[in-house]
Amino acid sequence: MTNFDALQSHANRLRGTRAPALLEQDPARASELALRVGPVYASFARQGYDRQALDALHALASDLDLKAAYQRLFRGEIVNPTEGRSALHTALRSNLTDAQVAQDAYAEAAGVRERMGKLVAELEASEVTDIVSVGIGGSDLGPRHVSDALRPLQPKLRVHFLSNVDGAAAQRVLAGLNPATTAAILISKTFGTQETLLNGKILADWLGGSERLYAVSANPERAAKTFDIPDARVLPMWDWVGGRYSLWSAVGFPIALAIGFDNFCALLDGAALMDQHVLETPAESNLAIRHALTALWNRNVLGHAAHGVMTYDQRLALLPNYLQQLVMESLGKSVRIDGTPVDCETVPVWWGGAGTDVQHSFFQALHQGTQIVPLDFVGTIHNDDPYAENHIALLSNLLAQSEALANGQSSDDPHRSYAGGRPSTMILLDALTPQSLGALIAMYEHSVYAQSLAWGINAFDQFGVELGKQLANGLLPALKGQAQADDPVTQALLEQIRTR
Ligand code: F6P
């Protein structure tokens, strides 16, 4: 159990101290409250803590013994006790411990990756021009976001994503595609997910058979049997990879098709660089730990109930969607691992969007609303488009927003006054490359794990999503008019649906 009380005195001491005053007291913080890991630079200088408070946060980290906790994660120990599993997503990209379980996982992942590379080469050399990736949640958001971020302008293969059970989604994705030159990958860890089974059937019917169907699953037999897919086109994953941590496995097959197999491997290299940093760097200069401690400061000490991630690179527009699952499915818990209720707040609401569009929609509330929302800004220093003037404008907006939120500006006119004191972390990638994106995502994964340890919760289960799935399945007969709903409100709504 983490006691945040010790930190409260620092919050009280710093209350009302705005960013300019913090800088006046400690001018070096502008450059020194920052960390770099390879192509990822993160400045925490606009957070509301000073070095004394940061030391107190690190005392908390040392009580938690995060170093040992990361070692347990990397070694494949059971860090997901409610499901009796390890969480070895690190073994999908790095080989940093001598633990046999992790070594075996690394070797197994490398073998599947090799098979995947061959399938990518086959598809690239075939008549196929388009791929439809069918999956949802962790079997969609990672591949979708990374493919979108890194796809070349003239890709060898166009990759499309289908997740929602809404038939309109399938209709829109398939419109304009030719079944003769399209292949589909059905991705589901369990191969029991309603959306993916229904959409998979739509694709199998539309393609006229399983000739160009591929599958990725931790239940490969079920995948092969349900859709009659030969073993050679079914890639395995394992129960030791959580869905939202799985883009590095064969779940990343669509990524490899969208950006090329070598680039997929470079994405893993970027994540491996971050893995090594996180495992081997002392807490004081460990980026994932700093990010996590900052999140705890904002959530548990200052009480902020939301967190925003604003990307200043259009190609990263789906990063917030991806992070919503990673962070909120991992940390949206109110009981500790031992089943007792937590006695502090856990995950804030994560949301976000791409700048500069967001500045013209909800940023008003961030600047002058009553609720303070700490932000992560994510920008890239070098652009890859030919529009240099636009890029300078983009960067100027990025810098300006974080400055305005932190410093504010007083005015005699209350409507034109900006309180400031709105914290943000500035994350700058040298450029958007497979390596830098891999490192960035791995940093978020490791920050999530550190936060879960502070709250004593399990970052790797997600029982909260099950009840709704069960109820939805139970309501299928009622929607077909073959049964009544148990709940009177649901029954009244069903009557509306039936009669209208
Ligand atoms: O509903 C949540 C969830 O269980 C996620 O955790 C998971 O990523 C998603 O569903 C998809 O599951 P699967 O890969 O088994 O189809």
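Nothing here was measured: the structure is a model prediction, and the numbers come from that model.
Side-chain contact of Gln462 with Arg244: a donor-acceptor pair under 3.5 Å is present, judged by distance alone. For the residue pair Ser163 and Glu195, no side-chain donor N or O sits within less than 3.5 Å of a side-chain acceptor on the partner. Side chains of Asp338 and Thr340: a donor-acceptor N/O pair is present below 3.5 angstrom, by distance only.
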Just list the side-chain donor-acceptor pairs under 3.5 Å for residues 270-296, sequence neighbours left out, or say none.
residue, atom, partner, partner atom, Å
Asp275, OD1, Arg93, NE, 3.4
Asp275, OD1, Arg93, NH2, 2.8
Asp275, OD1, His446, NE2, 2.7
Asp275, OD2, Arg93, NE, 2.8
Asp275, OD2, Ser94, OG, 2.7
Gln276, NE2, Glu280, OE1, 3.2
His277, ND1, Thr281, OG1, 3.2
His277, NE2, Leu287, N, 2.8
Thr281, OG1, His277, O, 2.5
Asn286, OD1, Ala288, N, 3.2
Asn286, OD1, Ile289, N, 3.3
Asn286, ND2, Val278, O, 2.9
Asn286, ND2, Thr281, O, 3.1
Arg290, NH2, Glu284, O, 2.9
His291, ND1, Ser447, OG, 2.8
His291, NE2, Asp376, OD2, 2.8
Thr294, OG1, Tyr49, OH, 2.8
Thr294, OG1, Arg290, O, 2.7

Name the atoms and distances for all side-chain donor-acceptor pairs under 3.5 Å in residues 74-86, with sequence neighbours left out.
residue, atom, partner, partner atom, Å
Arg75, NH1, Asp98, OD1, 3.0
Asn80, OD1, Thr82, OG1, 3.3
Asn80, OD1, Glu83, N, 3.4
Asn80, OD1, Asn458, ND2, 2.8
Asn80, ND2, Glu83, OE1, 2.7
Asn80, ND2, Phe460, O, 3.3
Thr82, OG1, Asn458, ND2, 2.9
Thr82, OG1, Asp461, OD2, 2.6

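Taking the side chain as every heavy atom from C-beta outward, Leu35 and Met443 never approach each other to under 4.5 Å. You'll find the side chain of Asp430 reaches within 4.5 Å of the side chain of Arg36, heavy atoms only. The shortest side-chain heavy-atom distance between Leu54 and Leu33 falls under the 4.5 Å cut-off. Considering only heavy atoms from C-beta on, Asn473 comes within 4.5 Å of Gln194 through its side chain. Side-chain contact between Leu60 and Phe4: present, with at least one pair of heavy atoms (C-beta onward) separated by less than 4.5 Å. With a 4.5 Å cut-off on side-chain heavy atoms, Asn300 and Trp455 count as touching. Taking the side chain as every heavy atom from C-beta outward, Leu429 and Val40 approach each other to under 4.5 Å. Between Tyr245 and Thr90 there is no side-chain heavy-atom pair separated by less than 4.5 Å.
Qualifying salt bridge (charged side-chain N to carboxylate O under 4.0 Å, His left out) partners for Asp357, counting only residues two or more places apart in sequence or in other chains: none. Residues that satisfy the side-chain contact (heavy atoms from CB on, under 4.5 Å) test with Leu467, not counting sequence neighbours, are Gln470, Leu471. Applying the side-chain contact (heavy atoms from CB on, under 4.5 Å) test to Thr356 and every residue at least two apart in sequence or in another chain returns Tyr312, Gln359, Leu394, Asn397. The salt bridge (charged side-chain N to carboxylate O under 4.0 Å, His left out) test applied to Glu24 returns no partner, not counting sequence neighbours. Residues forming a salt bridge (charged side-chain N to carboxylate O under 4.0 Å, His left out) with Arg416 (at least two apart in sequence, or on another chain): Asp413. The side-chain contact (heavy atoms from CB on, under 4.5 Å) search around Ser246 returns Met237, Val241, Ser249, Val251, not counting sequence neighbours. Under the ring-ring contact (aromatic ring centres under 6.0 Å, His included) criterion, Tyr41 pairs with no residue at all, not counting sequence neighbours. Not counting sequence neighbours, the partners of His307 by the ring-ring contact (aromatic ring centres under 6.0 Å, His included) test are Trp350. Applying the salt bridge (charged side-chain N to carboxylate O under 4.0 Å, His left out) criterion to Arg315, with sequence neighbours excluded, gives Asp313, Asp384.
Sorted by first and then second residue, the ring pair (Phe, Tyr, Trp, His ring centres under 6.0 Å) pairs involving residues 11-35 (not counting sequence neighbours) form an empty list.
Using modelled atom types, one side-chain atom of Gln491 and one backbone atom of Ala485 make a donor-acceptor pair closer than 3.5 Å. Using modelled atom types, one side-chain atom of Gln368 and one backbone atom of Ser417 make a donor-acceptor pair closer than 3.5 Å. With Arg422 contributing its side chain and Ala406 its backbone, the two residues share no donor-acceptor pair below 3.5 Å.
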- [ ] Take Phe161 and Leu318, measure what side chain to side chain contact (heavy atoms under 4.5 Å, CB included) needs, and give me the verdict at the end.
- [x] CA-CA 13 Å; Phe161 291 88; Leu318 296 179; over 6 Å; no
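Taking all atoms of both residues into account, the shortest heavy-atom contact from Leu398 to Gly379 is CD2-CA, 3.9 Å. Scanning all heavy atoms of the two residues, the minimum distance from Ala170 to Asn199 falls at CB-OD1, 4.2 Å.
Expressed to the nearest 0.5 Å, how far CG of Asn383 lies from CG of Leu432 amounts to 11.0 Å. To the nearest 0.5 Å, atoms CG (Asp239) and CG (Asn219) are separated by 11.0 Å. Note: Thr196 OG1 to Ile187 CD1 = 9.0 Å, rounded to the nearest 0.5 Å. Atom-to-atom distance recorded for Ser43:OG and Leu428:CG is 8.0 Å, nearest 0.5 angstrom. Interatomic distance, Thr490 OG1 to Glu495 CD, rounded to the nearest 0.5 Å: 11.0 Å. Between Leu302 atom CG and Ile372 atom CD1 the span is 8.0 Å, to the nearest 0.5 Å.
When the shell of 6.0 Å around CZ of Arg13 is examined, it contains more than 12 heavy atoms from other residues, nucleotides or ligands. The number of heavy-atom neighbours closer than 6.0 Å to CG of Asp166, taken from other residues, nucleotides and ligands shown, is above 12.
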